[in-house]
Amino acid sequence: MKLRELARVIRSKNAGPFLLTLDVLFPTIEAFERVRDSGVINVDTISKLYGVPPEGIKIIPYPPGLAFKITMVRPIVSGDIVDTDVYGAQQHTPLLDLIVPLYRST
Amino acid sequence: MQELRCYAASGQLGYGIPKDSFNRGIKKRPHFIGADMGSIDVGPFHLGSGKMAPGKASAKRDLGLLLRASKKSEIPLIIGSAGTAGGKPHLLDTVEMVREISTEHGLHFRLAVIHAEIEKNLIKSALTKGRIRPCGPVPDLTAHEVDRSVRIVAQMGTEPLISALGAGAEVVVAGRACDTSIFAAIPQMKGYDRGLFMHMAKIIECTSICAEPGGRDPIMGYLYQDSFVLESQHPLRKCTAVSVAAHSLYEQADPYRFSEPGGILDLSNAQFEEIDEWRTKVWGAQWIPADEYTVKLEGACWVGVRCIVIGGVTDPIMIAQIDKIAEQVPELVRELLSEEIPPETYHLNFRIYGLNGVTGPLRPRGTFVPQEVFIMVDVVAKDAETAKTVCGVAKQNLLHFGYPGRLATGGNLAFPFTPPEILVGDTYRFNVYHLMEVDDPLALFPIELHDI
């Protein structure tokens with residue numbers, strides 16, 4: 001199943017001009033736990049999807065909001081000459097089709 | 001402790017506060033009205049240029065709505081981060097609008113104006129004392145960068161707002177302020193629990209974004225001794241336990257810990273409970289005072305003047321090799337102009353929408369060939385004339401570039417209008433985003449009082 005079929009919100013935004021943050025929110029505790037237990041949201045995967053080094057990535061599960069937060073260092077600071085997305089609001093798409101396996105790979 | 005009704009009217013003052021929702025909240029007799037007018041999210045332009053993001057008519061409409069309601073209900077009004085970036089020109093423009101509205105409507109009140117633009121010498125002195133450090137993944141600050149900044153502001157904490165209110169201000173127009181300060185100042189004056197009201201302030205500064213469905217309507221925070229309750233003033237927006245909890249994620253790097261001037265707000269033990277279909281009760285956040293009081297500095301420097309050309313491409317033969325063309329044409333331009341305009345004095349970049357104009361070059365991409373792409377030739381140079389010249393040369397050479405297999409010899413671009421060169425104007429870059437230790441939370445933020 002794809003992440004977009006399980007989540008109720010998949011969004012990106014700046015957290016200040018130097019960080020990009022991605023939020024994945026689920027409609028039910030079951031959906032949240034399924035994704036959490038699959039282990040699919042991990043630093044390696046995010047690093048590959050976004051072409052950014054793993055050192056700058058932080059993943060925080062947030063059960064009260066049935067959510068995951070993924071924060072990374074922006075490769076380009078918001079509003080710099082070659083920036084493409086000042087608000088960072090259209091950087092969520094690589095997550096949409098992430099395949100959530102039924103079982104965690106070991 | 002009595003119920004304190006904290007009314008957050010706007011998280012982006014100047015773009016139209018929904019009137020019906022606003023009036024619904026006013027009828028519930030709030031103890032004060034707060035509104036946030038600024039943000040760093042809009043990028044470096046407004047901070048650098050001194051300009052306000054919303055248009056004057058809509059900004060004045062919102063300000064007028066709040067000023068009249070505050071006067072009529074005899075409750076304080078606090079506006080933070082005046083004029084988008086909260087620097088001196090932003091603050092003065094906002095105060096000017098407040099004065100105009102007061103004259104037009106015959107309103108009289110004590111106005112506090114709080115400055116937040118910081119003198120460069122003061123920052124350089126703090127720098128030499130080692131009292132400035134990066135805020136996140138930012139290089140260390142240098143005196144050179146301080147000098148390059150057009151303008152540096154600091155985010156004020158609650159203290160200057162409290163001082164202004166203590167001096168009898170009925171309306172406070174503050175320069176750059178921490179979003180929470182606007183809504184935390186009065187609860188702090190009244191002695192409520194700091195963990196609670198900081199958490200409440202953190203949520204209501206975005207108005208009804210914490211509701212389901214989220215929106216821009218005003219929100220009421222009902223503050224008590226041991227909890228607070230959130231209620232959107234739009235009848236269809238429900239503050240649910242999950243929607244409110246999830247709001248801690250919004251535009252934040254970490255949903256559990258928030259750094260604020262003077263301390264950290266820790267949400268590890270926060271609890272959320274729906275009291276009915278519309279309202280959620282919250283408690284459990286803790287305030288951890290910091291050893292040092294720090295303020296966040298924000299600065300922007302000028303980087304040049306931007307000119308762009310926009311045009312579309314439909315030719316599949318060209319689109320198939322557009323990456324290569326986007327490399328070859330700028331090379332050609334640099335070579336053509338190399339004597340008149342040295343290539344290191346300007347920046348030339350092709351943005352190709354439909355391909356990777358948004359995702360940028362880093363992200364892996366698929367093999368899909370779009371039916372149309374939109375090209376933006378983006379030039380930043382030392383002045384408008386140079387930027388226009390480079391843009392023009394790039395446009396002409398792209399228009400008639402002879403790529404392999406070209407059949408469409410009439411031209412490579414469809415222009416939607418003329419002139420295709422658009423002068424965007426001055427462009428800026430964030431070059432200060434640092435924390436500065438201060439001894440006195442008030443000293444950086446001078447307060448003026450005016451009886452209007």
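Chain identifiers are assigned alphabetically (A, B, ...) following the order of the sequence lines, protein sequences preceding nucleic acid strands; residue numbering begins at 1 within each chain.
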Student: Checking B:Thr359 against B:Asn356: is there a side-chain donor and acceptor pair closer than 3.5 Å?
Tutor: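 No donor-acceptor contact under 3.5 Å links the two side chains.
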Student: Using non-hydrogen atoms and a 4.5 Å limit, figure out which bit of B:Arg429 sits close to chain A: side chain, backbone, both or neither.
Tutor: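 Its backbone and side chain both get close to chain A.
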Student: Specify which of B:Ala300, B:Gly136, B:Pro255, B:Ala246 makes the most heavy-atom pairs with chain A at under 4.5 Å.
Tutor: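 Maximum pair count with chain A is reached by B:Pro255.
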Student: Which value, rounded to the nearest 0.5 Å, describes the distance between B:Asn431 atom CG and B:Trp302 atom CH2?
Tutor: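 One gets 14.0 Å once the value is rounded to the nearest 0.5 Å.
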Student: Can you say whether B:Asp254 sits under 4.5 Å from chain A via the side chain, the backbone, both, or neither, judging by heavy atoms?
Tutor: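 Both parts, backbone and side chain.
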Student: Checking B:Val42 against chain A: side chain, backbone, both or neither under 4.5 Å from a heavy atom?
Tutor: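 Both backbone and side chain of B:Val42 come within 4.5 Å of chain A.
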Student: If you count heavy-atom pairs under 4.5 Å with chain A, which of B:Pro137, B:Ser243, B:Pro44 comes out on top?
Tutor: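 Heavy-atom pair counts peak at B:Pro137.
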Student: Non-hydrogen atoms of chain A under 4.5 Å away: do they reach the side chain of B:Tyr256, the backbone, both or neither?
Tutor: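 For B:Tyr256, the side chain is the part near chain A, not the backbone.
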Student: So which of B:Val242, B:Val303, B:Val380, B:Asp41 has the largest heavy-atom pair count under 4.5 angstrom toward chain A?
Tutor: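 Most heavy-atom pairs within the cutoff with chain A belong to B:Asp41.
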Student: How about residues 10-19 of chain A versus chain B: which residues have heavy atoms under 4.5 Å apart?
Tutor: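 So far as heavy atoms go, A:Arg11, A:Lys13, A:Asn14, A:Ala15, A:Gly16, A:Pro17, A:Phe18, A:Leu19 are the residues that approach chain B to under 4.5 Å.
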Student: Take B:Glu274 and B:Lys238 through the salt bridge (charged side-chain N to carboxylate O under 4.0 Å, His left out) test and state the conclusion after the steps.
Tutor: CA-CA 10 Å; B:Glu274 282 161 33; B:Lys238 301 175 181 180; over 6 Å; no
Student: Does any non-hydrogen side-chain atom of B:Asn269 lie less than 4.5 Å from one of B:Trp283?
Tutor: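 SC-SC contact between B:Trp283 and B:Asn269 ruled out.
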Student: I need the residue from A:Ile70, A:Ile60, A:Asp85, A:Val86 with the largest number of non-hydrogen atom pairs under 4.5 Å to chain B.
Tutor: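 The residue among A:Ile70, A:Ile60, A:Asp85, A:Val86 with the greatest pair count is A:Ile60.
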Student: For B:Ile40, which atoms come within 4.5 Å of any heavy atom of chain A: side chain, backbone, both, or neither?
Tutor: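 It is the side chain, since no backbone atom gets that close.
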Student: For chain B, which of A:Arg8, A:Met72, A:Lys58 has the most heavy-atom pairs under 4.5 Å?
Tutor: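 Of the options given, most contacts go to A:Arg8.
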Student: Would you mind checking which part of A:Ile81 comes under 4.5 Å of any heavy atom in chain B, side chain (CB onward), backbone (N, CA, C, O), both or neither?
Tutor: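 Contact with chain B: backbone and side chain both.
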Student: What are the two closest non-hydrogen atoms of B:Gly87 and B:Val153, and how far apart are they?
Tutor: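 Looks like CA-CG1, 3.6 Å.
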Student: Using side chain to side chain contact (heavy atoms under 4.5 Å, CB included) as the criterion, point out the one residue from B:Val379, B:Asp378, B:Asn349, B:Val377 that pairs with B:Ile308.
Tutor: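 Passing option: B:Asp378.
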Student: Pick one of side chain, backbone, both or neither for A:Pro27, based on which atoms fall under 4.5 Å of a heavy atom in chain B.
Tutor: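 When you check distances to chain B, no heavy atom of A:Pro27 falls under 4.5 Å.
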Student: Backbone N or O of A:Thr45 within a donor-acceptor pair of the A:Asn42 side chain at under 3.5 Å?
Tutor: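 At least one qualifying donor-acceptor pair exists.
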Student: Any Lys/Arg nitrogen of B:Arg133 or B:Asp140 sitting under 4.0 Å from an Asp/Glu carboxylate oxygen of the other?
Tutor: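 A salt bridge is absent here (no side-chain N lies under 4.0 Å from a carboxylate O).
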Student: Counting neighbours of CD1 on A:Ile29 that are heavy atoms of other residues, nucleotides or ligands and sit closer than 6.0 Å, is the number greater than 12?
Tutor: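 Atom CD1 in A:Ile29 is not crowded, with 12 or fewer foreign heavy atoms closer than 6.0 Å.
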Student: Hey, is CZ on B:Arg334 packed in by over 12 heavy atoms from elsewhere, all under 6.0 Å?
Tutor: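 For B:Arg334, atom CZ is crowded (more than 12 foreign heavy atoms under 6.0 Å).
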Student: Show, in sequence, the C-alpha distance, side-chain angles and deciding distance for A:Glu5 and A:Lys2, and conclude whether the salt bridge (charged side-chain N to carboxylate O under 4.0 Å, His left out) test is met.
Tutor: CA-CA 5 Å; A:Glu5 297 171 275; A:Lys2 290 175 177 176; 5.9 Å; no
Student: Let's go through B:Arg176 and B:Ser81 carefully: what are the C-alpha distance in whole Å and the side-chain angles of both, what is the deciding distance for side chain to side chain donor-acceptor pair (under 3.5 Å) to 0.1 Å, and is it a yes or a no?
Tutor: CA-CA 4 Å; B:Arg176 187 66 173 128; B:Ser81 299; 2.9 Å; yes
